[in-house]
Amino acid sequence: MAWGNYSMYADFVLLGLFSNPRFSWLLFALILLVFVISIASNTIMIILIQVDSGLHTPMYFLLSQLSLMDILYISTIVPKMLIDQVLGQRAISFAGCTAQHFLYLTLAGAEFFLLGLMSYDRYVAICHPLRYPILMSRKVCLLIVGAAWLGGSIDGFLLTPVTMQFPFCASREINHFFCEVPALLKLSCKDTSAYETAMYVCCIMMLLIPFSVISASYTRILISVYRMSEVEGRRKAVGTCSSHMVVVSLFYGAAMYTYVLPHSYHTPEQDKAVSAFYTILTPVLNPLIYSLRNKDVTGALQKALGRCFSSGRFNAF
């Protein structure tokens, strides 16, 4: 379909994260390092949770799903950036942009819902420890994971077709490093204000629903912790929740800036920096936060490394 002097399905051009060519290879090296660490650390988390019987609990099952989402999430954006840097190209096809847009929305939405529902697990563990095996049964865990993936998929299926049906014109240069919604809408030849308002309401709902679950859960947790008489019990309860709250604050804070804060407070450089934080840095921070602050995970890792080293010594003889 042609619209004057442009084609609706023509390629786009991604301007990238930084426009200064002097630091391009340094940026490439840093992003590659972060990508490798993210894939490796999240994969290790998944393997540890699978092989260590001490981690076969609902909380770690949900953590393994979070790691899986992070692997897919960063893999949707970073490989394209790295390949473009090596080949010296910036073009992305209409189909590729659509696919990236859909996967990004689906995975980000799924992580929103999963982080929200994970707070329910912490609430049950601290406020109803005796009923924890029943309230967080395998069936409930599968429902939580299924609900998170379904919620993210609905977000992707609803927003992607509407976003990509707008006629795009001008230079078709996306002032971003991937096909994010706000950057795409700036290229539209039609008025997108009604759609942006609808998307704003949708994003508010997507944030409010899990945020309400988180707020309600942690309010009850704080009340229970305040009533605890044992100092060790309080310390353990706070320790089990602090990692989750750090991850929630990082992910939700960046998303609120991008999709909730009015556009008048944004600049393209700030948008790209914030997007880089929650699309590139957050997937590498999540496993580090949970592993460094969790004795069960560090203990499982030490046991796994011990078995590997002992097996290597045995084979050497």
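What you see is a predicted model; the values in this text were computed from it and never measured.
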Is there a path of hydrophobic side-chain contacts, each under 4.5 Å between heavy atoms of I/L/V/M/F/W/Y residues, joining [Y] to [X]?
X: Phe28; Y: Val284; answer: yes
X: Ile92; Y: Leu82; answer: yes
X: Leu107; Y: Phe157; answer: no
X: Leu103; Y: Leu66; answer: no
X: Phe94; Y: Tyr104; answer: yes

Discussion item. side-chain contact (heavy atoms from CB on, under 4.5 Å), that's the test. Do Met45 and Ser64 meet it? Break it down for me.
Written reply: CA-CA 7 Å; Met45 281 287 289; Ser64 69; over 6 Å; no
I'd like to know if the side chain of [X] and the backbone of [Y] have a donor-acceptor N/O pair within less than 3.5 Å.
X: Asn42; Y: Pro283; value: yes
X: Ser217; Y: Ile214; value: no
X: Thr282; Y: Thr279; value: no
X: Arg172; Y: Asp11; value: yes
X: Ser93; Y: Gly96; value: yes
X: Gln302; Y: Gly299; value: no
X: Ser38; Y: Val34; value: no
X: His56; Y: Gln50; value: yes
X: Gln89; Y: Asp84; value: no

Search all heavy atoms of [X] against all heavy atoms of [Y] and return the closest pair with its distance.
X: Pro287; Y: Ser41; answer: CG-OG, 3.2 Å
X: Leu62; Y: Val145; answer: CD2-CG2, 3.8 Å
X: Phe177; Y: Lys272; answer: CE2-O, 3.5 Å
X: Leu55; Y: Ala300; answer: CD1-CB, 3.7 Å
X: Cys179; Y: His101; answer: O-CD2, 3.5 Å
X: Phe61; Y: Ile49; answer: N-CG2, 4.4 Å

Practice prompt. Go through the steps to decide whether Lys303 and Asp52 satisfy the test salt bridge (Lys or Arg N to Asp or Glu O under 4.0 Å), and finish with yes or no.
Written response: CA-CA 9 Å; Lys303 286 192 293 182; Asp52 194 294; 3.4 Å; yes
Give, for atom [atom1] of [X] and atom [atom2] of [Y], the distance between the pair rounded to the nearest 0.5 Å.
X: Met69; Y: Leu72; atom1: CE; atom2: CG; value: 9.0 Å
X: Ile31; Y: Ile77; atom1: CD1; atom2: CD1; value: 11.0 Å
X: Tyr120; Y: Leu117; atom1: OH; atom2: CG; value: 10.0 Å
X: Phe168; Y: Ile174; atom1: CZ; atom2: CD1; value: 8.0 Å
X: Ile126; Y: Asp121; atom1: CD1; atom2: CG; value: 9.5 Å
X: Ile39; Y: Asp70; atom1: CD1; atom2: CG; value: 9.0 Å

Worksheet item: Does a side chain donor of either Glu180 or Ser275 reach within less than 3.5 Å of an acceptor in the other side chain?
Response: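 Ser275 and Glu180 do have a side-chain donor-acceptor pair below 3.5 Å.
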Under a 4.5 Å cut-off applied to non-hydrogen side-chain atoms, are [X] and [Y] in contact?
X: Val140; Y: Ile134; value: no
X: Arg131; Y: Val124; value: no
X: Phe12; Y: Arg90; value: no
X: Phe112; Y: Asp155; value: no
X: Leu14; Y: Met81; value: no
X: Glu111; Y: Thr106; value: no
X: His176; Y: Leu15; value: no
X: Trp149; Y: Phe113; value: no

Discussion item. Just checking His128 against Tyr123, ring centres under 6.0 Å apart?
Written reply: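 Yes, the ring of His128 comes within the 6.0 Å limit of the ring of Tyr123, centre to centre.
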Discussion item. Using side-chain contact (heavy atoms from CB on, under 4.5 Å), reason through Val162 and Met199 one step at a time and then give a plain yes or no.
Written reply: CA-CA 10 Å; Val162 180; Met199 188 176 64; over 6 Å; no
Fill in: Test side-chain contact (heavy atoms from CB on, under 4.5 Å) applied to Thr192 and Thr163, step by step
CA-CA 9 Å; Thr192 61; Thr163 302; over 6 Å; no
Item to complete: Could you tell me how the ring of Tyr73 sits relative to the ring of Tyr278: parallel (under 30°), tilted (30 to 60°) or perpendicular (over 60°)?
Response: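 Answer is parallel, since the angle falls under 30°.
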Practice prompt. Tell me, with the steps shown, if Leu63 and Met118 meet side-chain contact (heavy atoms from CB on, under 4.5 Å).
Written response: CA-CA 9 Å; Leu63 276 178; Met118 283 173 69; 3.8 Å; yes
Item to complete: Answer yes or no: does atom CG of Leu87 have more than 12 heavy-atom neighbours from other residues, nucleotides or ligands under 6.0 Å?
Response: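 Yes.
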Item to complete: Identify which one of Val36, Leu32, Ile280 satisfies the side chain to side chain contact (heavy atoms under 4.5 Å, CB included) criterion when paired with Val78.
Response: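 Of the listed options, the one satisfying the test is Ile280.
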